[in-house]
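Everything below concerns the one structure shown next.
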Amino acid sequence: MEVVATAYNSVTAQTDGDPSITAWGDTLEPGMKAVAISRDLLDSGLYYNMDITIEGLEGRYKVLDKMNRRWVNKIDIYMGLNVLEARQWGKQYVTISYRPSE
């Protein structure tokens, strides 16, 4: 599936409330491979705690957060406290892969 991918950090300016707590209540820590997804992707087969791969990035990422309802067809890649890295990532179109639940 092709989506827009941006990046975010555990900093107060980028989040609501506690910058380390996700919308599902998980605690994020720098180094974790996690993503937030737009809520419309929940209807496309993605779900909480699902593993996905992101074209161009190594390893698997866990769906641990969800974004504000205003976003569609989008993921936000968690980049810990490294704001510069997130800014350098910017906005990209990527293909994500996942295995639907059976």
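Values in this document were obtained by computation on a predicted structure and should not be read as measured data.
Summarising the geometry of Asn9 relative to Gln14, their closest heavy-atom pair is N-OE1, 2.7 Å, with the distance given to 0.1 Å. Closest heavy-atom contact between Val94 and Ala5: CG2-CB, 3.7 Å. The shortest heavy-atom contact between Ser38 and Val72 is OG-C, 3.6 Å. Between Gly45 and Met50, the shortest heavy-atom contact is O-CE, 3.5 Å. What you find for Met32 and Thr27 is that their closest heavy atoms are SD-O, 3.7 Å. Residues Asn68 and Arg39 come closest through the heavy atom pair C-NE, 4.3 Å.
Side chains of Tyr61 and Thr53 form no contact here, defined as non-hydrogen atoms less than 4.5 Å apart.
To the nearest 0.5 Å, the span separating NZ on Lys33 from CE on Met79 amounts to 10.5 Å. The CD1 atom of Ile75 lies 8.0 Å from the OG1 atom of Thr6; values are rounded to the nearest 0.5 Å. Remark: Gln92 CD to Ile54 CD1 distance equals 10.5 Å, nearest 0.5 Å. The OH atom of Tyr47 sits 11.0 Å away from atom CD1 of Ile37, with the distance rounded to the nearest 0.5 Å. Interatomic distance, Ile21 CD1 to Leu64 CG, rounded to the nearest 0.5 Å: 11.5 Å.
Hydrophobic cluster membership is shared by Leu41 and Tyr48, with clusters built from Ile, Leu, Val, Met, Phe, Trp and Tyr side chains linked at under 4.5 angstrom. Linking ILVMFWY residues whenever their side-chain heavy atoms come closer than 4.5 Å, directly or via other members, leaves Leu42 and Trp71 in distinct clusters.
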Practice prompt. Before giving the answer on side-chain contact (heavy atoms from CB on, under 4.5 Å), spell out for Leu57 and Trp89 the whole-Å C-alpha distance, their side-chain angles and the decisive distance to 0.1 Å.
Written response: CA-CA 11 Å; Leu57 297 178; Trp89 174 268; 3.9 Å; yes
message: With side-chain contact (heavy atoms from CB on, under 4.5 Å) as the criterion, how do Val63 and Trp24 come out once you've worked through the C-alpha distance, each side chain's angles and the decisive distance to 0.1 Å?
response: CA-CA 10 Å; Val63 174; Trp24 276 303; 3.9 Å; yes
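In this structure, the ring pair (Phe, Tyr, Trp, His ring centres under 6.0 Å) partners of Tyr8, at least two apart in sequence or on a different chain, are Tyr78.
Residue pairs meeting the salt bridge (Lys or Arg N to Asp or Glu O under 4.0 Å) criterion with at least one member in residues 51-69, sequence neighbours excluded, are Asp51-Lys62.
A side chain to side chain contact (heavy atoms under 4.5 Å, CB included) with Val3 is found for one member of Ile96, Ile52, Thr95 and no other, namely Ile96.
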